[in-house]
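Here is the structure we will look at.
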Amino acid sequence: MPQAPLYEQIINDVSTAVRAGTLKPGDKLPSIAELREQYESSAWPVRYALRILEERGWIVTRQGKGSFVATQPPV
């Protein structure tokens, strides 16, 4: 079975952590640099995953501040 693209793994990891309560509304996500290191990747898949998570309502991104779990993420 082929492995899912890295950005999908990141999306799944973050949404699973929110559902499980590991990440709570308002919690700050690791920076792009920290996520790059954690996933041993370039910045592109990390940025892409964060953009999709924001479009789906899981996170909010504030320029210069970082990405945070949305106050009312999807259920």
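The shown structure was predicted, so the numbers you read here are calculated from the model rather than taken from an experiment.
Separating the OG1 atom in Thr61 from the CG atom in Leu53 is a distance of 8.5 Å, to the nearest 0.5 Å. Here the straight-line distance linking atom OG of Ser67 with atom CZ of Arg47 works out to 11.0 Å at 0.5 Å rounding.
Between Gln9 and Gln3 the shortest side-chain heavy-atom distance falls below 4.5 Å. Counting heavy atoms from C-beta on, the side chains of Trp58 and Pro74 come closer than 4.5 Å. In this structure the side chain of Phe68 never reaches within 4.5 angstrom of the side chain of Ile59, judged on heavy atoms. Here the side chains of Leu50 and Ile10 are not in contact, with every heavy-atom distance at 4.5 Å or above. With contacts defined as side-chain heavy-atom distances shorter than 4.5 Å, the pair Ile11/Arg56 qualifies. The shortest distance between side-chain heavy atoms of Pro5 and Pro45 does not fall below 4.5 Å.
Listed here is the closest heavy atom pair of Ala70 and Gly57: CB-O, 3.3 Å. Shown here for Pro30 and Leu35, the closest heavy-atom pair between the two residues is O-CD1, 3.7 Å. Here the shortest heavy-atom pairing between Arg36 and Val46 reads N-CG2, 4.0 Å.
Around atom CD of Glu8, more than 12 heavy atoms belonging to other residues, nucleotides or ligands sit under 6.0 Å away.
Looking at residues two or more places apart in sequence or on another chain, you find a side chain to side chain donor-acceptor pair (under 3.5 Å) between Glu34 and Ser31.
Looking only at distances, no side-chain donor or acceptor of Thr16 sits under 3.5 Å from a matching main-chain atom of Asp13. Looking only at distances, a side-chain donor or acceptor of Lys24 sits under 3.5 Å from a matching main-chain atom of Gly21.
Placement of Ile32 and Val60 in two distinct hydrophobic clusters is found when ILVMFWY residues are connected by side-chain heavy-atom separations under 4.5 Å, directly or transitively.
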